[in-house]
Peer 1: 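I am attaching a structure below and will ask some questions about it afterwards.
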2 protein chains.
Amino acid sequence: MLESTRVTVSTREQLLRSAARLFREQGFHGTSVAEIASAAGITKSSLYHHFASKQALLGEILEDTVSRATPAVEAIAAADLPAAERLREAARCHVVELIHDQDKVACFVEEGRYLAPELREVFVAKRDRYEQSFRRILADGVRSGELRPVSVGLASLAVLGMCNSVVHWYQSSGPLSVETVAEEFADLAVKSLLREQPSGGAEPGGRSLVGSSASGTVPA
Amino acid sequence: MLESTRVTVSTREQLLRSAARLFREQGFHGTSVAEIASAAGITKSSLYHHFASKQALLGEILEDTVSRATPAVEAIAAADLPAAERLREAARCHVVELIHDQDKVACFVEEGRYLAPELREVFVAKRDRYEQSFRRILADGVRSGELRPVSVGLASLAVLGMCNSVVHWYQSSGPLSVETVAEEFADLAVKSLLREQPSGGAEPGGRSLVGSSASGTVPA
DNA sequence: GTCTATAAACGGATAGAC
DNA sequence: GTCTATCCGTTTATAGAC
């Protein structure tokens, strides 16, 4: 590390980024190797010097994603905190990571199913391990009575499905900050499962002064 | 209607069903016209007698879906009921319809973005109109104070994202009934947004006898 | 590490016979 | 309505020069 911050990126990483963006926009099968190479500023043939196949490109995008996200949620799941707080933090972390590298995560969520059988097996195992952290938190919360006695399997899929959907509409150029979205979604996840509301004491049917809390409209 | 129940299906409808199944499994761009025709028991050329293009096939799948689902949720949104009850019913209805024609709805959720620009404009407008029913219910609930003062835009996307995710993992051959999933998800949606929990009075930190309420494990 | 050239297969779509 | 045969552009991937 002789240089302070590297702004240039290796051709290899540039190819991964271009591929992730195009796979997200057009789908894995809707994107040609030539397009990826062109977006990275080289020819199709040169791409094959860096990656053995289009499949290998997708595989590495998914690997990048899961290897970065898994340690973070596993640490949260293992923390010495009430389940509701761990759930909030895990959901928040999930959304933040998702937006941080939106193209690659979108590939993880949407295009992972197009991996060839051999690679897909590994992918599914790693995805399951990631999701296991959420199931663990929910199971803890249900066992302790902190959370409602829901089906842990269903509720985990619901929370993850809700959070993952952010990848389809969030635009960093839009009015909503990463933190706003992450905290709102984490809040929805926790409140949907909490046994007791730490209520302010307002009566049912009471009025609210607020019509819509967040500032802007949400892009389609 | 001289015959009681038609078990045979027109070639045209058979093509739509085959296309929806294959688009769902392999993606729009990952499916060839020849595969669709073959799955319906005819040749590629014969398919072009029924549909002008692969795009037209996708367009009609989406049209089928939206034209069946929209009236149902619009009736619910307009009903003279508390917002929380309308939300529960709309979410339940959404999940039931989604599972009822899972292949076509999966195309609606996942493959609609691959429509050619002209057709996509119509598609997006119809999808927005569908989602508008959810926003309307949520806005009513927030205005009346029945629901928490959340951002209606964000919360609608959260609820729909959560419900739509069912399309990715539900298997009718699995242990979970349509009704179980629909009611659990509707419950999560309502509880995430309700201002006051109609609580049974258990104390926070209390114990539950139930580890996991639904019967079986959930498929990956 | 990048290029030009090319292989070999597959894609959507059409022509025209029956 | 379905077929066989075909057009022709595009696809993934490779060979081999620089």
Side-chain angles (χ1 to χ4, degrees), chain A residues 6-62 107 110-120 123, chain B residues 6-62 107 110-120 123:
Chain A
R6 255 214 186 283
V7 277
T8 56
V9 179
S10 68
T11 303
R12 189 186 165 79
E13 178 59 29
Q14 188 56 53
L15 284 166
L16 286 171
R17 292 187 192 179
S18 299
R21 182 173 53 79
L22 289 164
F23 288 164
R24 182 193 169 197
E25 288 170 0
Q26 310 179 339
F28 177 74
H29 292 298
T31 302
S32 71
V33 175
E35 281 179 291
I36 299 166
S38 171
I42 61 174
T43 63
K44 184 173 52 165
S45 298
S46 300
L47 181 148
Y48 282 98
H49 175 77
H50 299 276
F51 295 95
S53 66
K54 195 180 167 185
Q55 282 284 337
L57 213 34
L58 177 59
E60 198 151 319
I61 290 169
L62 304 187
C107 291
E110 295 290 333
E111 313 298 327
R113 45 201 280 256
Y114 301 130
L115 267 183
E118 326 86 66
L119 292 170
R120 188 169 55 226
F123 163 71
Chain B
R6 255 214 185 283
V7 277
T8 55
V9 179
S10 69
T11 303
R12 189 185 165 79
E13 178 58 30
Q14 187 56 53
L15 284 166
L16 287 170
R17 293 187 192 178
S18 299
R21 182 172 54 79
L22 289 164
F23 288 165
R24 182 191 168 197
E25 289 171 0
Q26 309 179 338
F28 178 74
H29 292 300
T31 302
S32 72
V33 176
E35 282 179 291
I36 299 167
S38 171
I42 61 173
T43 63
K44 183 172 56 162
S45 298
S46 300
L47 180 147
Y48 282 97
H49 175 76
H50 299 275
F51 295 94
S53 66
K54 192 180 169 186
Q55 282 283 337
L57 212 33
L58 176 59
E60 198 151 317
I61 290 169
L62 303 187
C107 290
E110 295 290 333
E111 313 299 327
R113 46 201 279 252
Y114 301 130
L115 267 183
E118 325 87 66
L119 292 169
R120 188 169 55 226
F123 163 70

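Below, read A as the first sequence line, B as the second, and so on, with proteins coming before strands; counting in each chain starts at 1.
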Peer 1: Considering all heavy atoms of both residues, which atom of A:I61 and which atom of A:A20 are nearest to each other, and what is their separation?
Peer 2: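 In terms of heavy atoms, the two residues are closest at CD1-N, 3.7 Å.
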
Peer 1: Using only atom types and a distance under 3.5 Å, with no angle test, would you say the side chain of B:Q55 pairs donor to acceptor with the backbone of B:Y114?
Peer 2: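 Yes, the answer is positive, given that a donor and an acceptor are paired below the 3.5 Å cut-off.
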
Peer 1: May I ask you to verify if any side-chain N or O of A:T43 is less than 4.0 angstrom from the OP1 or OP2 atom of C:dG1?
Peer 2: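 No, no such contact exists.
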
Peer 1: Round to the nearest Å and state the distance from A:I42 atom CD1 to C:dT2 atom P.
Peer 2: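 Those two atoms, CD1 and P, are 5 Å apart.
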
Peer 1: Give a yes or no answer on whether the side chain of A:E35 reaches the backbone of A:A19 with a donor-acceptor pair at less than 3.5 Å.
Peer 2: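 Such a contact is absent between A:E35 side chain and A:A19 backbone.
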
Peer 1: Within less than 4.0 Å of OP1 or OP2 of C:dT2, is there a side-chain N or O belonging to A:H50?
Peer 2: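 For C:dT2, OP1 or OP2 has a side-chain N or O of A:H50 closer than 4.0 Å.
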
Peer 1: I need the B:F51 CZ to B:L58 CG distance, nearest 0.5 Å.
Peer 2: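 Here the interatomic distance stands at 11.0 Å.
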
Peer 1: Where does DNA chain C pair, written as one dot-bracket string 5' to 3', with Watson-Crick or G-U pairs under 3.5 Å, ( ) inside the strand, [ ] for crossing pairs and | for another strand?
Peer 2: ||||||||||.|||||||

Peer 1: What closest approach, in Å, do A:R113 and A:R120 show between heavy atoms, and which atom pair accounts for it?
Peer 2: O-NH1, 3.3 Å

Peer 1: Quick one: the side chain of B:S45 and the base of C:dT14, do they pair up donor-acceptor inside 3.5 Å?
Peer 2: yes

Peer 1: What does A:S10 touch in the nucleic acid at a heavy-atom separation under 4.0 angstrom: a base, only the sugar-phosphate, or nothing?
Peer 2: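 If one applies the 4.0 Å heavy-atom cut-off, A:S10 turns out to touch nothing in the nucleic acid.
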
Peer 1: Keeping A:K54 on the side-chain end and A:F28 on the backbone end, is there a donor-acceptor pair under 3.5 Å?
Peer 2: yes

